[in-house]
Amino acid sequence: MSIISQIQATTVQSLTALYNQAFTDKDFQVNQTKPEFEGDYTIVLFSLVKSLKQSPDAIGNALGNYLQAQYPQLFTKYNIIKGFLNLTVADSYWVQLLNANHQNIHFGKKESNGQKVMVEYSSPNTNKPLHLGHLRNNFLGWSVSEILKASGYEVIKSAIVNDRGIHICKSMIAWQLFANGATPQSTGIKGDHFVGDYYVKFNDEYKRQVDELMGAGATKADAEKEAPIMKATQQMLLDWEEGKPEVIALWKTMNQWVYDGFAITYQRIGSDFDITYYESNTYLLGKDIVQQGLDKKVFFKKEDGSIWIDLTADGLDEKLVQRKDGTSVYITQDIGLALQKYQQYAINQSIYVIGNEQNYHMKVLQLICQKLGMPNAEGIYHLSYGMVELTTGKMKSREGTVVDADDLVDDMIATSRQHTEALGKVKDFTGAELDELYNILALGAMKFYLLKVDPKKTMVFNPQDSIEFHGFTGPFIQYTHARIKSILRKVEAAINPETSQQQALLLLEKQLLVQLEQYPGIIAQAAREHNPSVIANYAFQLAQIFNSFYAEHSVANAETPQKLQLRLQLAAFTANVLKSSMQLLGIQVPERM
RNA sequence: GGUUCGGUAGCUCAGUUGGAUAGAGCAUCAGCCUUCUAAGCUGAGGGUCAUUGGUUCGAAUCCAAUCCGGAUCACCA
């Protein structure tokens, strides 16, 4: 039970005994005491004034006295300032916490709750490589999965690959026209970049043809429709849908190039999936559902044969669910896939990590599922995250301002090498050890940079800040961990499982313990809000406090043998929680750096 | 225009169900390495919490209006 819960419970009990009426923990607030006042936790008394008809001071004195008398093992002191009852929690409480948990690498994590949740994330298109926006998505999806696991859920990670449609055909046509049989192997270009290059070539050629036609007197609309390369692309899409063998063969070949490229990127950034869905397999799902919807009169048919749902009563529009030619649209396959996920895994919850530009779409998806009475409808949750913008504005592929994921990783590794070499602390590392360290630092910096901001918010990617290794960054926390490990390696004395509960704590020792004690609550909050930034902020604060402690007090040369033991435990506990919290962000921490 | 999300220090961001003098990091300035890793620590300056009104013991936080910015409102996915 957290210290705050204990304070709430004991306060409820005390108030009930003192005033002979019923209270709940909603009747007052318990906050951490501000550093400028004496005490650890504070009960705000104002909310009690009205119902008790007494001054805040009177209530505070009665309550403080009672708490201290009844729970001496918990509270040793109190003071009242302007309606705030500041309680000092007994040092023995903190030392006990330390004794019990300093070696527990599972501290803060919950036992299984029997709930199954699917997290769908990443969801790339197969016509271009991953960029910065995908990185935010991937890091979020991974981290939220870890946080949910730590909260007792069984997590299934999934991706839906958008591997069909007109955009794929564009790359294919351009390859046929311009590649002369070139392949990733023959050119040495990573497969996803290779295919992405032909997507760019398509657009260049398309624009050229449109300009040419307009130069010959065509209107813009006609030119766009009549451009030969576009007509060829549309024909190819039809051929694909009919299963024309040579088109299918090319499609499979080019997609495989992309998958090979993605696999490398995913491996580098640490993304993985328990199940991968492909739109080419799922795009026909949902046809049965459309029929069911018609039967249930949730959907209706228009004169031209197209099928719709009327969502005007919910404040939205009419939404198409099937074209007049009987082909399904985006939303339809999503409904089908949502049901398939549920049937396949019996999940209680289905989380979609998708950008906030799809808020409307996801709202419609959930509404339709609800109206159809689908069993999984209530469990759909859209983890909507904001765009990543550049300091110069938005990323635009047409203007070449997209930050490529692979380039970014390469740059970060180079930066890690530079910083590390400049400091010269790991000269005895082997080449392989150095590579591993650069990798850990580079990914740590990137992931932390993208995860430290509330997912809901649009964020700005500043190249200078992103390669920063000081301050509120991943490497700062990694460094703190490495520092602690260095102490633990060097100090001769072994850590005892128990230290005396009688000793008095210094301010910074207690601050560390107060922060450590909050870790379980932080994990719970992050899971509740689907918000890794909660963890990032927490880990940073913990590292900050440790570094202040480190500068002020020595572990190895502690004043007494008891202090040595206490601080060894404190250091180990901090290292464990830093490692654990960074792991929830998908970030490794090195033993040395 | 409808819906929706946002606006906090020069910049990037925290700020819990309303609580004490609104906090970090970066940048700027001044200090701290013969003792556990200076990728660190200590201190200083920097604020009309977009604006106005309301709710109350108390508002960055809740409500209303206004201003500014993003997203979205496809027989694209």
Side-chain angles (χ1 to χ4, degrees), chain A residues 25-26 29 31-34 36-37 42 44-47 49-50 56 81-84 86 123 125 162 164-167 279 283 304 306-308 315-317 319-325 327-331 333-334 355-361 363-364 384 386-387 389 391 394 416 419-420 422-423 425-426 441 445 449 452-454 456-462 464-466 468-473 475-480 482-491 521 525 529 533-534 536-537 540-541 543-544 546-558 567 571 592-593:
Chain A
D25 56 20
K26 300 271 186 270
Q29 247 182 72
N31 299 332
Q32 219 177 317
T33 304
K34 299 250 173 194
E36 56 268 35
F37 302 103
T42 296
V44 184
L45 302 166
F46 297 106
S47 53
V49 168
K50 207 179 260 176
I81 300 169
K82 294 198 301 182
F84 297 90
N86 301 321
S123 305
N125 291 348
N162 179 6
R164 62 167 286 276
I166 191 86
H167 50 290
E279 260 185 36
Y283 82 108
D304 64 0
S306 59
I307 300 174
W308 297 73
L316 306 176
D317 303 320
K319 192 84 190 167
L320 179 90
V321 294
Q322 191 174 93
R323 298 188 187 95
K324 63 185 173 202
D325 62 5
T327 58
S328 55
V329 292
Y330 180 38
I331 192 90
Q333 49 184 308
D334 276 0
N356 62 12
E357 75 250 356
Q358 301 217 38
N359 284 355
Y360 177 78
H361 172 78
K363 205 167 162 184
V364 170
S384 165
M387 298 291 100
E389 293 182 357
T391 45
K394 291 185 182 157
S416 303
H419 283 299
T420 304
L423 291 167
K425 292 180 183 179
V426 288
L441 295 179
Y449 184 80
K452 70 182 179 182
V453 180
D454 185 336
K456 291 193 299 291
K457 293 193 174 177
T458 302
M459 67 173 289
V460 175
F461 179 85
N462 182 324
Q464 273 85 46
D465 288 354
S466 73
E468 183 61 61
F469 278 30
H470 304 266
F472 189 16
T473 66
F476 170 86
I477 297 167
Q478 292 171 319
Y479 172 71
T480 307
R483 257 184 155 181
I484 297 174
K485 287 297 181 169
S486 173
I487 298 173
L488 297 178
R489 277 193 302 272
K490 282 191 180 157
V491 175
Q525 186 194 345
E529 299 176 1
S533 78
V534 170
N537 278 286
F540 174 64
Q541 280 169 27
Q544 261 188 326
F546 185 86
N547 282 319
S548 297
F549 162 79
Y550 181 94
E552 194 74 23
H553 306 293
S554 175
V555 176
N557 298 317
R567 288 182 189 162
R592 290 179 55 194
M593 63 184 275

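Every heavy atom of this structure was used, including side-chain atoms; hydrogens, water molecules and symmetry mates were not. In the text below, chain A, chain B and the rest are named by the order of the sequence lines, each starting its count at 1.
- Closest to the side chain of A:Lys34, from the set B:C75, B:G40, B:A20, is B:A20.
- With hydrogens and angles disregarded, a donor-acceptor distance shorter than 3.5 Å links the side chain of A:Thr420 to the backbone of A:Ser416.
- Among the atoms of the strands shown, base atoms are found under 4.0 Å from some heavy atom of A:Phe37.
- Note on A:Thr420: a base of the nucleic acid sits closer than 4.0 angstrom, heavy atoms only.
- Aromatic rings from A:Phe549 and A:Phe546 are positioned such that their centres are separated by under 6.0 Å.
- Using cut-offs of 30° and 60° on the angle between ring planes, the pair A:Phe540 and A:Phe472 is tilted.
- Within the nucleic acid shown, A:Val44 comes within 4.0 Å of at least one base atom, counting heavy atoms only.
- In this structure, A:Lys26 reaches neither bases nor backbone, as no heavy-atom distance under 4.0 Å exists between it and the strands shown.
- Considering only side-chain N and O atoms, A:Lys457 lies under 4.0 angstrom from the phosphate OP1 or OP2 of B:A14.
- Helical stems in RNA chain B, defined as runs of 3 or more consecutive Watson-Crick or G-U wobble pairs with donor-acceptor distances under 3.5 Å: B:1-7 with B:67-73, B:10-13 with B:23-26, B:28-32 with B:40-44, B:50-54 with B:62-66.
- The side chain of A:Arg592 lies closest to B:U37, out of B:U37, B:C26, B:A77.
- Note on A:Glu279: only backbone sugar-phosphate atoms sit closer than 4.0 angstrom, heavy atoms only; bases stay farther off.
- Nearest to the side chain of A:His470, among B:C73, B:C26, B:C13, sits B:C26.
- Within the nucleic acid shown, A:Gln544 comes within 4.0 Å of sugar-phosphate atoms alone, with no base atom in reach, counting heavy atoms only.
- A:Phe469 comes within 4.0 angstrom of a nucleotide base, judged by non-hydrogen atoms across all strands.
- Nucleic acid contact for A:Ala556: base, since at least one base atom lies under 4.0 Å from a heavy atom of the residue.
- Taking the side chain of A:Gln333 as heavy atoms from C-beta on, and the options B:C75, B:A77, B:G6, the nearest nucleotide is B:A77.
- The side chain of A:Val453 lies closest to B:A14, out of B:A20, B:G19, B:A14.
- Salt-bridge annotation for A:Lys456 and A:Asp454: present, with a side-chain N of the basic residue lying under 4.0 Å from a carboxylate O of the acidic one.
- Taking every side-chain heavy atom of A:Phe84 into account, B:G19 is the closest of B:G19, B:A14, B:C75.
- Note on A:Phe472: only backbone sugar-phosphate atoms sit closer than 4.0 angstrom, heavy atoms only; bases stay farther off.
- Side-chain atoms of A:Tyr479 lie closest to B:U37 of the nucleotides B:U12, B:U37, B:A20.
- Taking only distance into account, the side chain of A:Asp465 never meets the base of B:C11 through a donor-acceptor pair shorter than 3.5 Å.
- Across all strands, A:Asn86 comes closer than 4.0 Å to base atoms (heavy-atom distances).
- Among the heavy atoms of the strands, none lies under 4.0 Å from A:Met387.
- Comparing B:G19, B:U37, B:C75 by their closest approach to the side chain of A:Phe46 singles out B:G19.
- Taking the side chain of A:Asn547 as heavy atoms from C-beta on, and the options B:C75, B:C73, B:C41, the nearest nucleotide is B:C41.
- In this structure, A:Leu441 reaches the bases: a heavy-atom distance under 4.0 Å links it to at least one base atom across the strands shown.
- Comparing B:A77, B:C36, B:A20 by their closest approach to the side chain of A:Glu36 singles out B:A20.
- Within 3.5 Å, a donor on the side chain of A:Thr42 pairs with an acceptor on the base of B:A20, or the reverse.
- Among the heavy atoms of the strands, none lies under 4.0 Å from A:Asp325.
- Within the nucleic acid shown, A:Ser548 comes within 4.0 Å of sugar-phosphate atoms alone, with no base atom in reach, counting heavy atoms only.
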